[in-house]
Asker: 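Pasting a structure below so you can have a look.
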Amino acid sequence: QVQLVESGGGLVQSGGSLRLSCAASVTGSGSSIYRMAWYRQAPGKQREMVADIISGSEPKYADSVKGRFTISRDNAKNTVTLQMNNLKPEDTAVYYCNARTYGYVFWGQGTQVTVSS
């Protein structure tokens with residue numbers, strides 16, 4: 001079982017920066033997290049992947065955030081962060097942390113990011 005707790009959302013002006021963090025609490029045996037990711041969902045839109053990081057692989061980003069967002073993971077602490085720079089109004093959404101073990105997918109409760117123009 002994996003519990004995810006996000007933090008770091010808020011209101012920022014266009015061009016500003018925010019840093020999102022997600023801490024994973026893992027209980028039980030066999031719950032090794034091999035992938036962590038950030039997704040977002042804007043009002044009236046489908047949830048979309050923003051960035052993900054898989055152990056041993058290079059991070060992947062949505063085209064809309066490449067060059068502005070950076071995902072990083074601390075395997076020892078089971079945390080993942082999303083550094084968001086040069087934010088735009090279209091980045092406004094609820095951001096969700098996601099973790100995958102072999103066979104299960106877990107979601108955080110979401111954190112609101114609002115970018116004003």
Asker: Sequence neighbours left out, what pairs pass side chain to side chain donor-acceptor pair (under 3.5 Å) with at least one residue falling in residues 4-13?
Answerer: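 Those involving residues 4-13 are E6-Q109.
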Asker: Treat each ILVMFWY residue as a node, draw an edge where side-chain heavy atoms are under 4.5 Å apart, and state whether V105 and V5 are in one component.
Answerer: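 Unlinked, V105 and V5 end up in two clusters.
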Asker: Set out, in order, the CA-CA distance, both residues' side-chain angles and the distance that settles side chain to side chain contact (heavy atoms under 4.5 Å, CB included) for F69 and L87, then state yes or no.
Answerer: CA-CA 9 Å; F69 291 11; L87 283 159; 3.8 Å; yes
Asker: Rounded to the nearest 0.5 Å, what's the gap from CG on L11 to OG1 on T114? Could you check?
Answerer: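 Atom-to-atom, L11:CG and T114:OG1 are 6.0 Å apart.
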Asker: For I53 and P59, work out which heavy atoms get closest and say how close.
Answerer: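 Smallest interatomic distance, heavy atoms only, reads CD1-CG, 4.1 Å.
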Asker: If we only count heavy atoms from C-beta on, is the V26 to Q3 side-chain gap below 4.5 Å?
Answerer: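 V26 does not reach Q3 side chain to side chain.
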Asker: Let me confirm one number: the OG-CZ distance from S32 to R100, rounded to the nearest 0.5 Å.
Answerer: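 If we round to the nearest 0.5 Å, S32:OG and R100:CZ are 14.5 Å apart.
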Asker: With distance as the sole criterion, is a donor-acceptor pair present between the side chains of S14 and S117 under 3.5 Å?
Answerer: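 Short answer, no.
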Asker: Examine Y61 and M36 and state if one hydrophobic cluster contains both, with Ile, Leu, Val, Met, Phe, Trp and Tyr joined whenever side-chain heavy atoms are less than 4.5 Å apart.
Answerer: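 Yes, it is one cluster - the side chains of Y61 and M36 are joined through contacts under 4.5 Å.
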Asker: Would you indicate whether E90, at its atom CD, is surrounded by more than 12 heavy atoms from other residues, nucleotides or ligands within a distance under 6.0 Å?
Answerer: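 Yes, CD of E90 has more than 12 neighbouring heavy atoms, counting only those of other groups under 6.0 Å.
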Asker: Out of the candidates L18, V113, T70, V50, only one should pair with L82 under the side chain to side chain contact (heavy atoms under 4.5 Å, CB included) rule; please name it.
Answerer: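 For L82, the side chain to side chain contact (heavy atoms under 4.5 Å, CB included) check succeeds only for V50.
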Asker: Is there a path of hydrophobic side-chain contacts, each under 4.5 Å between heavy atoms of I/L/V/M/F/W/Y residues, joining W38 to L4?
Answerer: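 Linked, L4 and W38 end up in one cluster.
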Asker: Could you check F106 against I33 for side chain to side chain contact (heavy atoms under 4.5 Å, CB included), going step by step and ending with a plain yes or no?
Answerer: CA-CA 10 Å; F106 301 91; I33 299 173; over 6 Å; no
Asker: Membership question, hydrophobic clusters at under 4.5 Å side-chain separation (ILVMFWY): are Y96 and I54 in the same one?
Answerer: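 I54 and Y96: separate clusters.
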Asker: Please report the interatomic distance OG1(T81) to CG(L20), rounded to the nearest 0.5 Å.
Answerer: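 Spacing of OG1 (T81) from CG (L20) equals 9.0 Å.
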Asker: Checking R35 now: which residues fulfil salt bridge (charged side-chain N to carboxylate O under 4.0 Å, His left out) with it, not counting sequence neighbours?
Answerer: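 Once residues adjacent in sequence are excluded, the partners of R35 under the salt bridge (charged side-chain N to carboxylate O under 4.0 Å, His left out) criterion are D52.
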Asker: Same cluster or not: V65 versus M49, using hydrophobic residues (I, L, V, M, F, W, Y) connected whenever any side-chain heavy atoms lie under 4.5 Å apart?
Answerer: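 No, it is not one cluster - the side chains of V65 and M49 are not joined through contacts under 4.5 Å.
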Asker: A quick test of your reading: do over 12 heavy atoms of other residues, nucleotides or ligands sit less than 6.0 Å from OH of Y34?
Answerer: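 It does: Y34 OH has more than 12 such atoms within range.
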Asker: Which pair of heavy atoms, one from G110 and one from V94, lies closest together, and at what distance?
Answerer: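 Closest approach of G110 to V94, heavy atoms only: CA-CG1, 3.8 Å.
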Asker: Can a salt bridge be assigned to the pair D91 and K88 using a cut-off of 4.0 Å between side-chain N and carboxylate O?
Answerer: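 K88 and D91: not salt-bridged.
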Asker: Does the side chain to side chain contact (heavy atoms under 4.5 Å, CB included) test come out yes or no for C97 and V80, once each step is laid out?
Answerer: CA-CA 8 Å; C97 180; V80 63; 3.8 Å; yes
Asker: What residue among R40, Q112, Q41 forms side-chain hydrogen bond (donor to acceptor under 3.5 Å, both in side chains) with Y95?
Answerer: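 Per the side-chain hydrogen bond (donor to acceptor under 3.5 Å, both in side chains) rule, the option paired with Y95 is R40, out of R40, Q112, Q41.
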Asker: Given Q1 and Y104, is the side chain to side chain contact (heavy atoms under 4.5 Å, CB included) satisfied, shown in steps?
Answerer: CA-CA 9 Å; Q1 187 72 13; Y104 298 93; over 6 Å; no
Asker: Kindly give the heavy-atom pair with the smallest separation between N75 and S55, and that separation in Å.
Answerer: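 Looks like OD1-OG, 4.4 Å.
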